Amino acid sequence: MNLLNKFKDPELCLNILDQIKSEIQGEFRFMEVCGTHTVAIFQSGIRTLLPESIIHVSGPGCPVCVTHDREIASYLALAEKDLILATFGDLIKVPGPGGKNLKAAQAEGARIKIVYSAFDALKLALDHPQDKVVFLGVGFETTAPTVAATIKMAAEQGVRNFSVLSFHKLVPPALKALAADRDIQVDGLLLPGHVSTIIGLEPYRFLAEEYQVPSVIGGFEPLDILQAILIMIKQKNKGRPEVVNNYKRVVPDQGNAKAIETMYEVFRPADALWRGLGIIPGSGLAVAQRYEQFDAALVFDQELPQVDEIPGCKCGEVLKGLISPDQCPLFSTRCTPANPVGPCMVSTEGSCAAYHKYRL
């Protein structure tokens, strides 16, 4: 029997569901931080099985969704230069100022290549020594160590035509901003499993100790999610919030020390701009001075341009859990996966895309 099948076992899930129903007292509002959790909750049908008094909201856990309009504008400006832009596929469809995206820029002649990893982008640079290749670095602690390792490899090999425009973001500072915002009232946080494999348990301690928010690192199978919900409800009922690692088969409490070491050798903490959340101090990763020859922002003197927000788009409010995607006036009308207005409708992990796919 596949090990993961145990975490989908209907009988075990129903047992946890019964415990949840017996424990629930009043309305309970929790946020799943990770976009993969949002999709998993829809796919497993958990939303329809839970009591109506449990309200789900999505958080800023989709790397494409939190990419700010000004960062997209920066990508588009870079694409106009004499270089090859290497990017993950999701990012190419994210609309920027005026609705333009990288795909449109590509149609106008920009040299844009879709890659599956930063290493692919480095190979692109090695294969095209006469061209400058820039990799668009987005994502959280999950992807940043790999990008850092790629920059280290480029340095070791003496590659001179490769650089990274880093808009990487760190999850704990964003959660701190959410927890401190009095408009965002959540009774529990389902913490991201992928990010946690890198950073472990400790960086989340403040959620329980400073803000009294029950928080659980959870896996992505139905039993994982239901167990996490039950733990948060019990903590809330007892008035004893904790941060719990309920995904120990994948997430070590101490995280991945080598990945963290590599990440902070190549990058340094920097202020970052988040869609919907604004500038959060120390929530981003800029290329460290030691590796500045691989910092595309310096190499190409690239700054974040001022841009107007996309009219009518409520992605920022969705990412803060203030509204559900279907409360956006553009949802499934002007904004669809085939013609997205905001990034939450672009990414497969985006909450708007998930609502559109599983609720229509």
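Values in this document were obtained by computation on a predicted structure and should not be read as measured data.
- N161 places no side-chain N or O within donor-acceptor distance of the main-chain N or O of V133, the cut-off being under 3.5 Å.
- Considering all non-hydrogen atoms of both residues, V346 and D90 come closest at CG1-O, 3.4 Å.
- Using a 4.5 Å cut-off on side-chain heavy atoms (C-beta onward), L83 and R111 make no contact.
- For R47 and E32, the salt-bridge test passes: some basic side-chain N is under 4.0 Å from an acidic carboxylate O.
- Looking at heavy atoms from C-beta onward, P192 lies in side-chain contact with V171 at the 4.5 angstrom threshold.
- Of all heavy-atom pairs spanning P95 and G99, the tightest one is CB-O, 4.0 Å.
- The closest donor-acceptor contact from the side chain of S347 to the backbone of C344 lies at 3.5 Å or more, if one exists at all.
- Using a cutoff of 4.0 Å between basic side-chain nitrogens and carboxylate oxygens, E71 and R275 are not scored as salt-bridged.
- C13 is listed as a side-chain neighbour of L223, based on a closest heavy-atom distance under 4.5 Å.
- For the pair R290 (side chain) and E265 (backbone), a donor-acceptor distance under 3.5 Å is absent.
- Both V33 and V186 belong to a single network of hydrophobic side chains, linked directly or stepwise wherever heavy atoms of I, L, V, M, F, W or Y lie under 4.5 Å apart.
- The minimum heavy-atom distance linking P173 with I280 is given by the pair O-CG2, 3.8 Å.
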Criterion side chain to side chain contact (heavy atoms under 4.5 Å, CB included) on F167 and H68, from CA distance to verdict = CA-CA 10 Å; F167 291 136; H68 196 273; over 6 Å; no

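- Annotation for K258: atom NZ does not count as buried by contact number, only 12 or fewer foreign heavy atoms lying within 6.0 Å.
- A salt bridge does not link K6 with E221: every distance from a Lys NZ or Arg NE/NH1/NH2 to an Asp or Glu carboxylate oxygen is 4.0 Å or more.
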key: Criterion side chain to side chain contact (heavy atoms under 4.5 Å, CB included) on T146 and F119, from CA distance to verdict   = CA-CA 8 Å; T146 305; F119 291 113; 3.5 Å; yes

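- Under a hydrophobic clustering in which Ile, Leu, Val, Met, Phe, Trp and Tyr are joined whenever their side-chain heavy atoms come within less than 4.5 Å, directly or via other members, I41 and F7 fall into the same cluster.
- A donor-acceptor contact under 3.5 angstrom links the side chains of S196 and Y204, judged on distance only.
- One hydrophobic cluster, built from ILVMFWY side chains closer than 4.5 Å, cannot hold both L207 and I233; they sit in different ones.
- The side-chain heavy atoms of P97 and L76, taken from C-beta on, include a pair separated by under 4.5 Å.
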request  = Walk me through it: do E11 and N15 pass the test side chain to side chain donor-acceptor pair (under 3.5 Å)?
outcome  = CA-CA 6 Å; E11 189 172 340; N15 181 282; over 6 Å; no

inquiry  = I'd like to know whether D326 forms a side chain to side chain contact (heavy atoms under 4.5 Å, CB included) with H356, so could you lay out the CA-CA distance, the side-chain angles of the two residues, the decisive distance to 0.1 Å, and finally the verdict.
reply    = CA-CA 8 Å; D326 54 0; H356 182 89; over 6 Å; no

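- Counting heavy atoms from C-beta on, the side chains of P172 and L175 never come closer than 4.5 Å.
- Heavy-atom minimum distance, G200 versus V251: CA-CG1, 4.5 Å.
- Side chains of L122 and F294 form no contact here, defined as non-hydrogen atoms less than 4.5 Å apart.
- Considering only heavy atoms from C-beta on, T67 stays 4.5 Å or farther from P343 through its side chain.
- Here the two rings, on F140 and H168, have centers that are 6.0 Å apart or farther.
- With contacts defined as side-chain heavy-atom distances shorter than 4.5 Å, the pair L102/V94 does not qualify.
- Taking the charged nitrogens against the carboxylate oxygens, E202 and R205 do have a contact shorter than 4.0 Å, which makes a salt bridge.
- Atoms OG1 and NZ, on T150 and K123 in that order, are 14.0 Å from each other to the nearest 0.5 Å.
- By the 6.0 Å contact criterion, CG on D308 is open, its count of non-hydrogen atoms from other residues, nucleotides or ligands being 12 or less.
- Of the charged side-chain nitrogens involved, none lies within less than 4.0 Å of a carboxylate oxygen, so that D183 and K320 do not count as a salt-bridged pair.
- Between F42 and Y355, the gap from one ring centroid to the other is short of 6.0 Å.
- Nearest heavy-atom pair across L85 and A79 is CD2-CB, 3.8 Å.
- In terms of heavy-atom proximity, Y291 sits nearest to A155 at CE2-CB, 3.9 Å.
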request  = Take L191 and V243 through the side chain to side chain contact (heavy atoms under 4.5 Å, CB included) test and state the conclusion after the steps.
outcome  = CA-CA 9 Å; L191 299 171; V243 178; 4.1 Å; yes

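- Under a hydrophobic-cluster definition in which Ile, Leu, Val, Met, Phe, Trp and Tyr are linked whenever side-chain heavy atoms come within less than 4.5 Å, directly or via other members, I260 and V266 are assigned to the same cluster.
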